[in-house]
Amino acid sequence: MSSEVAGDAVAAGGARYRREEVARAAGVKVRNLRYYQERGLLPPPRREGRIAWYSDDHLARLRLIDDLLGRGYTVNGIAELLTAWEQGGGIAQLLGLRREMTRDWVQEEPVTMGLAELRELFGPAATSQDTRRAAALEYVRVDGDTVTFPSRRLLEATLTLLRQGVPLAEILDAGGFVHAQAAALADRFVALFRRHVIGPEGLEQLSATQLDHIAEAAAALRPVAGEVVAAEFARAMARRVEAEVAALLRTEQ
DNA sequence: ATTCTTACA
DNA sequence: TGTAAGGA
């Protein structure tokens with residue numbers, strides 16, 4: 001309906017949005033645009049007669065505000081952070097860093113199906129208690145009568161184990177264990193990054209060039225955590241399986 | 001008529 | 001944060 005004149009507006013990266021458009025794109029309510037603006041969180045839009053035009057900068061900023069709010073920051077707290085970053089001149093770099101650091105960690109397509117399809121896949125193996133546990137682990141979401149698995153890989157792994165005769169309850173036990181261990185590993189890597197790449201001062205004190213440097217480091221280190229875990233896990237499995245096979249062969253004799 | 005602001009609950 | 005009323 002309200003598509004822009006294709007061309008310069010979008011191609012130049014200078015997309016303009018009306019109030020409703022930014023609000024929808026950022027997932028905030030139109031009412032709050034004005035509120036954030038009054039509290040100094042959001043720069044005023046460019047005015048053209050009666051209509052207010054918002055830019056990509058406004059959009060990125062709104063997403064950041066919404067995210068920070070969701071993490072429990074107060075409006076005043078966010079205003080302080082924002083002004084501190086602005087005075088350091090690093091607001092653009094900060095938004096870029098945020099994008100770099102949160103990009104591509106999860107690259108999976110969710111799988112959606114109906115309840116009937118779910119029962120067909122899992123058969124009588126799935127009790128409602130299993131479903132609750134799976135939901136608690138965020139392996140599955142149930143809204144109404146549609147079921148969504150955020151990770152196709154985990155769904156397929158579960159089905160493979162099931163077909164090989166592993167009881168669903170025990171798959172979920174193992175899943176919960178892996179889930180927790182993965183969270184601990186992620187905590188560990190993030191803490192390392194926080195301590196040695198970002199440093200003790202936090203992002204607020206950093207200059208624009210320092211933020212650029214951190215974004216580079218984030219890009220360079222992104223694959224490292226996964227590689228380390230994969231390598232160590234492969235080595236552990238090799239040793240463990242070898243020991244298991246040796247034990248089996250001994251008892252056969 | 002539409003878009004945005006003001007003001008109040 | 002919702003919304004009724006009014007300015008442009």
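To find a chain, count down the sequence lines: A is the first, B the second, and so on, and within it residues start at 1. Bear in mind that the values here come from a model prediction, so they are computed numbers and not experimental data.
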Exercise for the section: Flag the pair A:Arg240 and A:Glu244 as a salt bridge only when some basic side-chain nitrogen lies within less than 4.0 angstrom of an acidic carboxylate oxygen. Expected result: yes
Handout entry: Heavy-atom side-chain proximity of A:Phe233 to A:Val228 below 4.5 angstrom
Key = no
Handout entry: Interatomic spacing from CG in A:Leu154 to CD1 in A:Ile171 - rounded to 0.5 Å
Key = 11.5 Å
Problem - Intra- and interstrand pairs of DNA chain C - dot-bracket, Watson-Crick/G-U under 3.5 Å, | marks other strand - result: ||||||.|
Problem - Distance in angstrom units between A:Tyr35 OH and C:dT1 C1', rounded - result: 9 Å
Practice task
Give a yes or no on whether the backbone of A:Gly176 and the side-chain of A:Arg133 come within a donor-acceptor separation of less than 3.5 Å.
Solution key: no
Practice task
Could you check if a side-chain atom of A:Val28 sits within less than 4.5 angstrom of a side-chain atom of A:Tyr35, using non-hydrogen atoms only?
Solution key: no
Exercise for the section: Kindly check if the number of other-residue, nucleotide or ligand heavy atoms within 6.0 Å of NE2 (A:His213) is above 12? Expected result: no
Exercise for the section: For the pair A:Thr131 (side chain) and A:Thr127 (backbone), establish whether a donor and an acceptor sit closer than 3.5 Å, ignoring hydrogens and angles. Expected result: yes
Fill in the blank from the handout: To the nearest angstrom, the CG-P distance between A:Leu33 and B:dT3 comes to 15 Å
Problem - Under-4.0 Å side-chain N/O to phosphate OP1/OP2 contact, A:Lys29 with C:dT1 - result: no
Report each atom pair, protein N/O against N/O of nucleotides 6-8 of chain C, whose distance is under 3.5 angstrom.
unit_1, atom_1, unit_2, atom_2, d
C:dA8, N3, A:Arg50, NE, 3.3

Practice task
Ignoring hydrogens and angles, tell me if any N or O in the side chain of A:Glu109 forms a donor-acceptor pair with the backbone of A:Arg152 under 3.5 Å.
Solution key: no
Problem - Interface with DNA chain B, restricted to residues 37-44 of chain A and to heavy atoms under 4.0 Å - result: none
Handout entry: Side chains of A:Phe189 and A:Leu221 in contact at under 4.5 Å (non-hydrogen atoms)
Key = no
Handout entry: Close side-chain approach of A:Trp53 to A:Pro45, heavy-atom, < 4.5 Å
Key = no
Problem - Side-chain donor or acceptor of A:Glu80 paired with backbone N/O of A:Gly77 under 3.5 Å - result: no
Practice task
Can you tell me the distance, in whole Å, between the OH atom of A:Tyr54 and the C1' atom of B:dT3?
Solution key: 11 Å
Completion exercise
To the nearest angstrom, the CG-P distance between A:Asn32 and B:dC4 comes to 16 Å
Handout entry: N/O donor-acceptor pair, side chain A:Arg31 with base C:dT3, under 3.5 angstrom
Key = yes
